[in-house]
Amino acid sequence: MAYDHREIEKKAQEKWTELDLYRADLSGEAKEPYYLLVEFPYPSGDLHIGHWYAFAVTDIYARLLRARGKNVLFPIGFDAFGLPAENAALKHGVDPREWTYKNIEHMRAQLMSMGASFDWSKEVIACDPSYYQWTQWLFTKLFEHKLAERRNAAVKWCPKDKTVLANEQITDGRCERCGTEVEEKRLTQWFLKITDYADRLLAGLDALPWREEIKDAQRAWIGKSEGAKLDFEVRTSDVLTSAGVTSDVQPIITVFTTRPDTLFGVTYVVLAPEHPLVATLLDTVSNKKEVQDYVAATAKKTERERSENKEKTGVELKGVRAVNPANGEEIPVFVADYVLASYGTGAVMAVPAHDERDYAFAQKFNLPIKSVVNPFVASIAQSTAETLMSGEFDSEQASALFAGEVIQHGPYTKDGTLINSGDFTGRKSEEAKWDIVAASGGERATNYRLRDWLVSRQRYWGCPIPVVYDPEGNPHAVPSEHLPWLLPTDVDFTPTGEAPLASSKELKERVTRLFGEGWTPEYDTLDTFVDSSWYFLRYLDPKDPHDFSDATLMKKWLPVDRYSGGSEHTTMHLLYARFFTKALHDLDLVPVDEPFTERFNRGLIMGPDGQKMSKSKGNVVNPDEFVREYGADAVRLYLAFIGPYNEPGNYPWNLDGVASMRKFLERIARLVECHRDPASAVEVELLQNASGAAAQALARANLKITEDGDRFKFNTGVAALMILLNELEAAADVLAPALSALVIMLAPFAPHLAEHLWERLGEEGSVHAAPWPAYDESVLASDTCELAVQVNGKRRGSVQVAVDAPEGAIVAAARAIPAVAAQLKDKEPKRVIYVPSRILNLVV
RNA sequence: GCCGAGGUGGCGGAAUGGUAGACGCACAGGGCUUAAAACCCUGAGAUGGCCUAAAAACCUUCGUGUGGGUUCGAGCCCCACCCUCGGCACCA
């Protein structure tokens, strides 16, 4: 063992703490600020390999930036509210607060052990009253500006965790956490009106230099569709009316559609089972029982069961007809669960000829299918139709034939030429669309897939919603002088479906004392995504008891320059944080409109078998074991080397990988130990100016590490270090300044060993305070090069030439190569492609 | 189904339209050693040929998912298709 990693890690970490090396000087003006952010962890209690990958590799970049003269803010904290604490409490009977803070303490030590250069003085803990006081304050600001409101809504409910879930926490109709099938339940809940920002969240994406896949995922999540709202008048049948069933108000079914151009093809209308009109019309239908049974049956089904069942179901409202606003046609009305109550108006106009779902439904219920869009565009209809239809038909016949095709083979869902559409027949569908809307008394409308953000949780271990109710039941924000609105401690948090805070006597007494008799507290706590939507603002002023952050510092440090995190947060946390920033910006609380300039999603470390790590598969890699055996530096280096950090791929953990990094580090240690004569000024001069092999190798590595670091490609940076070491080992003599430069370049990757070697070299201070080595660009420029020679694009040899040699000389030299001559067969090249320092291609 | 990213040796991966496979793992041969470990050196895409006791060296052809195209030249650009991964999905 060339070095004792335990000893040097301990020593180096103590030295850094003593020197307070990583504290960002937030108000300092001397250096350019750089805000490097990494998602703060949940204090689960143990650091796993994913944490290492997240923090240790991002730390390399923090160190690279610092060495290159940036004033780097690289903070850390804990996203400390959440279910696991409560579950642990239930299971082991411990206080969630104690459990959490104990874990934090343990994880702090683990985070220190990886040698990450966090600025601990900025630490935030989301469950700490000094933090959640401001989560609450921000909530009250949103409430005051009507961005937080209470609604009675059907919510998704996990029967096992006994809590309400956000849409985002449901995967395939199951609770993301425990996999239990989600049920629906109606409760009065708090919502944040993120949909008010849907358009701006969408528009803001365009300017962000994020990877397309992240932006597209957010776009899909927001799911903007532009279309129209159209009103279908409802008529009840004469039979029923004469039987004495009448309605005072003439009901209207408003539908949302993105294809108003197909309005003439509507053959029925569908209401979602939850649509209020279903209940209203119930007494006018002749098959009341059947309708009631259907609505009751679908209410029992989970969303998953509804969408899993590909077979369409539904029931007609017999005796009820809707009137097509375009042509006055009377059509049947159905209730079917393929229409979602929560999207659009909860009602759709069905165009089986031009929509897959309507087509399937019409087939099953034997409903008419009426073609109104023909794929043959009018201007070319004649020729295209004739070509496509074997020249036997004119365009009218082709249209008729096409309409028949639709009925037989399925819907045509694209644009085309309108047929069977009254005055609009013959026009292009996409052009006529808005005229049809106008002619039918409809209006343009935009819909989003995005729903408002449900933030109420019937859970204990979360930020109490800072709201109280007056005796009439109206909500009031808790005034800021009463913040933090403390989470009560006298709570029985066994899940019952009731909010645990309701069991707190202290909370009720507090409200009575502060607000008066008859006032009651809000018992729900906030979704933890609220806590994490603004933590990067708090890092700038984490201890301030008077403000959530510091206006001057926000101006200087925001937006975050680079945010590193996991791809699982693309459509939740990342969208919420953007929403918060925009909302607070509008309230003049935050100077920026977008929180994060750059965003990188990192990949996943898989088990050695290439499978996702899981206890049941027994392929979980424990980083601590590797740290113990090979040292933190080797683990860091391996994680950096495993693959490009700027692409969210899956990288299997190679059991020999860390060992090989340790060997590499030992080779460096040996090299340095063998040559540690102090450098003279002359030597430094020589090194920087001479075009010696070592100087060149250093410059190449320097350039590679710097450039690839900025791209978050640390794998090639490590490779550059390896190449450098190979070259230095091969060199006859290595001057001490070269070793110092090597150690400085090693430092971001292997901070402990670099610190140790820095001392062995007799250098002053910390290697992490040393400036990044400079090099002379001209060192990289060589005056000769090996030039590849191709004949007809195939490599046939190479020549050593001066970079500025005349083309003629190079061609002559190339032609002297036997393999080249053999290919040329004495012929003169027809063409000579010469790209200096790259290629010579002789074309015959 | 739609959208996005990708497909390169046994493995992780590298490569501004210009010598494909950097760097590393695993592997093989050798050195050091009484021996092993460690360490050091060397080798290696495939195929065929030539030479040979065998190998090395040398040469041919083929090679970045498949098929076409653009180009003096394509892993990289264009078209079509196949496959893998990720996101969305009865969103009208």
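Checked for salt-bridge contact, A/E729 and A/R667 meet the test: a charged N lies under 4.0 Å from a carboxylate O. A salt bridge links A/E727 with A/R700: at least one charged nitrogen is closer than 4.0 Å to a carboxylate oxygen. With respect to the salt-bridge test (charged N to carboxylate O, under 4.0 angstrom), the residues A/E828 and A/R815 qualify. Of the charged side-chain nitrogens involved, at least one lies within less than 4.0 Å of a carboxylate oxygen, so that A/D199 and A/K224 count as a salt-bridged pair.
One atom, CG of A/D609, and another, P of B/rG10, lie 21 Å apart when rounded to the nearest Å. Across the protein-nucleic acid pair, A/W210 atom CH2 and B/rG4 atom P stand 19 Å apart, rounded to whole Å. The distance between atom OH of A/Y638 and atom C1' of B/rC11, rounded to the nearest whole Å, is 10 Å. Atom pair A/Q611:CD and B/rG12:P shows a separation of 14 Å (rounding to whole Å applied). Put simply, CZ on A/R795 is 11 Å from P on B/rU60, counting in whole angstrom units. Rounding to whole angstrom units, CD1 of residue A/I723 and C1' of B/rA22 are separated by 6 Å. One atom, CG of A/N646, and another, P of B/rG6, lie 11 Å apart when rounded to the nearest Å. Per the geometry, CZ belonging to A/F641 stands 14 Å off C1' belonging to B/rA26, to the nearest Å.
Between the P atoms of B/rG45 and B/rC58, the separation comes to 12 Å (whole Å). Distance noted for atom P between B/rG63 and B/rU47: 15 Å (whole Å). Rounded to whole Å, the C1' atom of B/rG21 lies 11 Å from the corresponding atom of B/rG75. Using atom P as the reference point in both B/rG73 and B/rC62, the two lie 15 Å apart (nearest Å). For the C1' atoms, the distance linking B/rC83 with B/rG65 amounts to 7 Å, nearest Å. Between B/rG24 and B/rC41, the distance separating the two P atoms is 11 Å to the nearest Å. Between B/rU71 and B/rG86, the two P atoms lie 40 Å apart (nearest whole Å). Atom P of B/rC85 sits at a distance of 28 Å from the matching atom of B/rU16, rounded to the whole Å.
Checking A/N601 against A/R599 by side-chain atom types alone, a donor-acceptor pair falls below 3.5 Å. A/T706 and A/N702 share a donor-acceptor pair across their side chains, judged by distance under 3.5 Å alone. Checking A/H569 against A/E39 by side-chain atom types alone, a donor-acceptor pair falls below 3.5 Å. For the 3.5 Å distance criterion, the side chains of A/Y359 and A/T413 fail to qualify, holding no donor opposite an acceptor. A side-chain N or O of A/R451 and one of A/S342 form a donor-acceptor pair less than 3.5 Å apart. Checking A/D231 against A/T254 by side-chain atom types alone, a donor-acceptor pair falls below 3.5 Å. Side-chain contact annotation: A/T313 with A/Y294, donor-acceptor N/O pair under 3.5 Å present.
Nearest nucleotide to the side chain of A/V835, out of B/rG18, B/rA14, B/rA92: B/rG18. Distance from the side chain of A/A719 is smallest for B/rA22 among the nucleotides B/rA22, B/rA14, B/rA92. The nucleotide whose nearest atom lies closest to any side-chain atom of A/D656 is, among B/rC39, B/rU19, B/rC25, B/rC25. Of the candidates B/rU19, B/rA92, B/rC23, B/rC23 carries the atom nearest the A/M722 side chain, counting heavy atoms from C-beta on.
Using a 4.0 Å heavy-atom distance criterion, A/K663 is classed as a sugar-phosphate-only contact. Counting any heavy atom pair closer than 4.0 Å across all strands shown, A/Y651 reaches sugar-phosphate atoms only and no base atom. Among the heavy atoms of the strands, none lies under 4.0 Å from A/V351. Backbone-only contact: A/N726 has heavy atoms under 4.0 Å from sugar-phosphate atoms and none from a base. Using a 4.0 Å heavy-atom criterion, one finds that A/E786 contacts the bases of the nucleic acid, with or without backbone contacts as well. Across all strands, A/P648 comes closer than 4.0 Å to no nucleic acid atom at all (heavy-atom distances). Within 4.0 Å of A/K713, counting heavy atoms only, lie sugar-phosphate atoms of the nucleic acid but no base atom. Heavy atoms of A/T258 sit under 4.0 angstrom from primed sugar atoms or phosphate atoms, though from no base atom.
Residue A/Y338 places no side-chain N or O under 4.0 Å from the OP1 or OP2 atom of B/rA92. A sub-4.0 Å separation between OP1 or OP2 of B/rC23 and a side-chain N or O of A/T716 is absent. The phosphate of B/rU60 has OP1 or OP2 within less than 4.0 Å of a side-chain N or O from A/R796. The shortest distance between the side-chain N/O atoms of A/N715 and the OP1/OP2 oxygens of B/rA14 is below 4.0 Å.
Classification of the A/W453-A/Y576 ring pair by plane angle, with boundaries at 30° and 60°, yields parallel. A perpendicular orientation is assigned to the rings of A/H5 and A/Y3, their planes being inclined by more than 60° (bins at 30° and 60°).
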Tabulate atom names and distances for all N/O pairs under 3.5 angstrom spanning the protein and nucleotides 71-75 of chain B.
residue : atom : partner : partner atom : Å
B/rC72  : OP1  : A/R831  : NH1          : 3.0
B/rC72  : O2'  : A/N841  : ND2          : 3.3
B/rC72  : O2   : A/N841  : ND2          : 2.5

What protein N or O atoms touch nucleotides 79-88 of chain B N or O atoms at under 3.5 angstrom, if any, and at what distances?
residue : atom : partner : partner atom : Å
B/rC88  : O3'  : A/R449  : NH1          : 2.9

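Glycosidic conformation at B/rG9 (O4'-C1'-N9-C4 for purines, O4'-C1'-N1-C2 for pyrimidines): syn, within 90° of 0.
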> Dot-bracket for RNA chain B: what is it, with Watson-Crick or G-U pairs under 3.5 Å, [ ] where a pair crosses earlier ones, and | for a pair to another strand?
Replying inline: (((((((..(((.....[....))).(((((.......))))).((.((........)).))..(((((..]....))))))))))))....
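Screening A/I49, A/I605, A/V658 for a side-chain contact (heavy atoms from CB on, under 4.5 Å) involving A/V621 leaves a single residue, A/I49.
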>> Test ring-ring contact (aromatic ring centres under 6.0 Å, His included) on A/Y338 and A/F361; report intermediate values, then the result.
In response: CA-CA 9 Å; A/Y338 82 90; A/F361 191 81; 5.3 Å; yes
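If you find the closest nucleotide of RNA chain B to A/Y448 and to A/D708, the one lying nearer the 5' end belongs to A/D708. When each of A/E213 and A/G649 is assigned the nucleotide of RNA chain B with its nearest heavy atom, A/E213 is the one assigned upstream, toward the 5' end.
One donor-acceptor pair, N or O on each side, does fall under 3.5 Å between the base of B/rU16 and the side chain of A/R838.
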